[in-house]
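A short write-up of the structure that comes next.
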Amino acid sequence: MKSMHLSFLLLAALLSSSHQLSKPEDPIYTAAVVEHSSPEGDSPRTRTILASESFQKIIGEVGDVDIIVFPEHVLNSDATATFVPHEFQNITPCYQTDYELFLIELSCSARANSLYVVINVVEKELCAHGAGSDTLDPCPSTGVRYFNTNVVFDRTGRIISRYRKTHLWRHEYYSISVLRTPDVSTFTTDFGVTFGHFICFDMLFYDPALKLVVEHNITDIVYPTYWFSELPFLGAVQLQEGWAFGNDVNVLAADASKPAGRTSGSGIYAGRGGRLVAEIFEQPTTKLFISEVPKRSHGQLSPSFTPLFTPQRKTQRLTGLAAYRDNNVDIFEGELLAEDFLSFERQLCHGSFCCSFSIERKVTSPAENEVTSSEAKSYRYRIGVYWGNETTVIGVDRTEQATCALFACTDVRIASCGYIFPENQEVINTHHFTKLSISGNFPAAPRGRRLIMPSTLNALFLPVSVADYEWQESPEAAKNLDQPILVDLKLAKPQNDLLTFAIWANYFTEIPSTHNLDHMQPHVTSPSTSASSGISALGIFWVLSCLLIVKITSDYSRQISWS
């Protein structure tokens, strides 16, 4: 009844106020996210100018939306880094001259079009002689450090929130600084919604991403990203939708678009109501996504209905997006399913952690006049179970995870799992899944840190629609972190072309990843801003003490010789 009431309110709001900005009492707000390709130019300055002009054009043409989000790593670089004021300074760059021109122009664009704008920039900060922020790394010899930073403008162009990325990707290690104490950044809007925001890889860690939800009760997340998809569990839209579902929060995710470099996939998600709009691309694309988003204070959105199922031997596939392979599957306890299996039941354990699988398939008959090459291939399937901390996320940071999964492989070898068939290979679905049920008793989280989410994927690199599966937790996972949780994931509608169907849980290990950099070592008290000039106060004290001892000893020796 509650979801029906919300649906009515959503429809009423759409019909009566489609040209008005959301008010605090309205049940929805209107959001936009932009998937944006990297601009081409002969210099960093030219690329930044082109990106800024594109952003401004989109903002000017987006129409009646309340908030728009742009992706990570598209707008500028170290060569065009800008200072970014803290929100406490109450600064509107539109009428200030102390910042890079693109920051001024985008502030003016937010003000001119009266909407909230979220961008991601390379920020610079002066740090010589003890100035600047307390970071893990010492101040560079140049006296300038850089951050990967989100900037939020309100409807007047004023900067109301700033967030500096906490968890870096490998290519950022040597140029981007990290705060010793991570930012936890939020902002409250005039339409009655408080947002939290973080960047890309942060999504896989407790602090600050999950902390915003668990400790600060944030229900709406802004997420600029430059995500590198990894199969079978961490495709871009796959993770975004799974994270939103697992936390039951709204997520506005804007990804950069460079499919050949493993990057694409943007969307707007309504928690357990599923994706409102999302897409992933095979070619570099700049595209705007707009959706009305239900305010969580007005209830939960019901999943949308999906078309009736039709068995198909040939379905659309996405092959132009490169992806990493999750090497963790090599150490899962696993089993290869028979090529022509129709029914399968098994309990499989990795140590004391066990998962139950119940699977049924039917043969898919060719459509009338459908011709299939003798060289056509089909995916093989494995089940896998894992619980432990000998794993990584995308080969960058350690992770502690529990997983119950069915995933596709291109042949019988475990080494082929996490890959897809290339574009020139004809692929057919010899069977379709009519029943697929996975359950596991997921361990307690004694430190209060656990996120359990569905992880599903089809041949278009999109998750199975929320309306097409059932998810049950007993007891409720978010409220019983200190208890084991029985989780059941099962198909509610047959599927043709599954690549992944899994329950994926992150326990947020405390085992550190050092990345071979001294300042990332947790046991090293690395120099902060107080030592940024190169010599610490303790070092100076030690040197002066040694000189004093030498002088006293020398004077005493002279006195002896004179006597």
Side-chain angles (χ1 to χ4, degrees), residues 3 6-7 10 14 27-35 65-69 71 193 195 200 203 209 213 219-225 227 229 231-257 263-282 285 287-296 299-307 309 316 318 321 451-471 489 491-493 495 497-504:
S3 62
L6 176 61
S7 298
L10 289 172
L14 178 62
I28 61 169
Y29 63 91
T30 304
V33 300
V34 182
E35 171 132 347
V65 304
D66 294 292
I67 183 170
I68 186 169
V69 184
V193 175
F195 290 87
C200 199
M203 183 169 270
V213 177
T219 59
D220 292 73
I221 298 294
V222 166
Y223 181 56
T225 185
W227 187 260
S229 286
L231 300 184
F233 305 116
L234 297 177
V237 175
Q238 179 184 18
L239 173 63
Q240 292 162 16
E241 185 165 331
W243 196 92
F245 185 100
N247 286 299
D248 197 14
V249 296
N250 296 330
V251 173
L252 316 181
D255 200 355
S257 191
T263 300
S264 176
S266 304
I268 301 175
Y269 310 88
R272 302 211 167 182
R275 61 183 177 270
L276 302 174
V277 58
E279 200 167 346
I280 200 163
F281 300 96
E282 295 185 276
T285 302
K287 184 171 181 178
L288 176 69
F289 300 88
I290 302 176
S291 179
E292 279 113 5
V293 183
K295 294 178 182 176
R296 301 313 303 273
Q300 188 180 70
L301 186 69
S302 297
S304 301
F305 291 106
T306 57
F309 172 76
Q316 278 189 290
L318 188 148
L321 176 69
L451 177 61
I452 307 176
M453 70 181 83
S455 181
T456 67
L457 197 69
N458 63 25
L460 290 175
F461 276 35
L462 293 174
V464 174
S465 172
V466 168
D468 289 355
Y469 65 82
E470 297 173 0
W471 175 274
L489 173 66
L491 285 178
K493 185 181 292 185
Q495 299 291 317
D497 52 7
L498 283 177
L499 294 179
T500 305
F501 197 74
I503 307 169
W504 193 87

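Fair warning: this is a prediction, and the values are worked out from it, not measured in the lab.
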Sorted by chain and residue number, the side chain to side chain contact (heavy atoms under 4.5 Å, CB included) partners of Ala270 (sequence neighbours excluded) come out as Asn250, Leu276, Pro294, Leu301
All pairs passing salt bridge (Lys or Arg N to Asp or Glu O under 4.0 Å) where residues 451-464 contributes a residue, at least two apart:
none
Test side chain to side chain contact (heavy atoms under 4.5 Å, CB included) applied to Ala253 - qualifying residues, sequence neighbours left out
Tyr223, Gln240, Val251, Tyr269
Could you label the plane-to-plane angle of the Phe245 and Tyr469 rings as parallel, tilted or perpendicular, counting under 30° as parallel and over 60° as perpendicular?
tilted
Would you mind reporting whether Ile503 and Ile452 have side-chain heavy atoms less than 4.5 Å apart?
yes
Sequence neighbours excluded - salt bridge (Lys or Arg N to Asp or Glu O under 4.0 Å) pairs with any residue from residues 265-276:
Glu241-Arg275, Arg272-Glu473
Which atom names give the shortest non-hydrogen contact between Val33 and Ser266, and what distance separates them?
CG2-CB, 4.5 Å
Could you work out, with side-chain hydrogen bond (donor to acceptor under 3.5 Å, both in side chains) as the rule, every residue matching Trp243, not counting sequence neighbours?
none
Where is the tightest heavy-atom contact between Thr263 and Ala256, given as atom of each residue plus distance?
CG2-O, 3.2 Å
Qualifying residue for side chain to side chain contact (heavy atoms under 4.5 Å, CB included) with Leu252, from Ile221, Asp220, Ile67
Ile67
Please tell me if the side chains of Pro232 and Leu499 come closer than 4.5 Å, counting only heavy atoms from C-beta onward.
no
Test your reading of the model: is there a side-chain donor-acceptor pair from Thr500 to the backbone of Leu457, 3.5 Å cut-off?
no
Do you know the tightest heavy-atom contact between Asn458 and Pro463?
ND2-O, 4.4 Å
Partner set under side-chain hydrogen bond (donor to acceptor under 3.5 Å, both in side chains) for Ser455, not counting sequence neighbours:
Gln238
Close side-chain approach of Thr456 to Leu498, heavy-atom, < 4.5 Å
no
Partners meeting side-chain hydrogen bond (donor to acceptor under 3.5 Å, both in side chains) with Asp497 (sequence neighbours left out):
Thr315
The side chain to side chain contact (heavy atoms under 4.5 Å, CB included) partner of Val293 among Val193, Ile28, Ile268 is Ile268
Going by the rule side chain to side chain contact (heavy atoms under 4.5 Å, CB included), which residues pair with Thr306 if we only count those two or more places apart in sequence or in a different chain?
Ser465, Ala467, Asp468, Lys493
Just to verify, what does Phe461 make a ring-ring contact (aromatic ring centres under 6.0 Å, His included) with, not counting sequence neighbours?
none
Would you give the length of the straight line joining atom CD of Glu292 to atom CG of Asp66, rounded to the nearest 0.5 angstrom?
10.0 Å
Pairing residues for Phe501 by the ring-ring contact (aromatic ring centres under 6.0 Å, His included) criterion, not counting sequence neighbours:
none
Which heavy atom in Val466 sits nearest to a heavy atom in Gly274, and how many Å separate them?
CG2-CA, 3.4 Å
Sequence neighbours excluded, which residues qualify as side chain to side chain contact (heavy atoms under 4.5 Å, CB included) partners of Ser264?
Glu35, Ser257, Pro259, Ile280, Phe281, Leu321
Show the nearest heavy-atom pair for residues Pro71 and Asp255, with the distance to one decimal.
CB-C, 3.3 Å
Suppose we screen for ring-ring contact (aromatic ring centres under 6.0 Å, His included). Which residues come up paired with Trp227, at least two apart in sequence or across chains?
none
Run the side chain to side chain contact (heavy atoms under 4.5 Å, CB included) check on Leu288 and Ile68 step by step: do they pass?
CA-CA 9 Å; Leu288 176 69; Ile68 186 169; 4.0 Å; yes
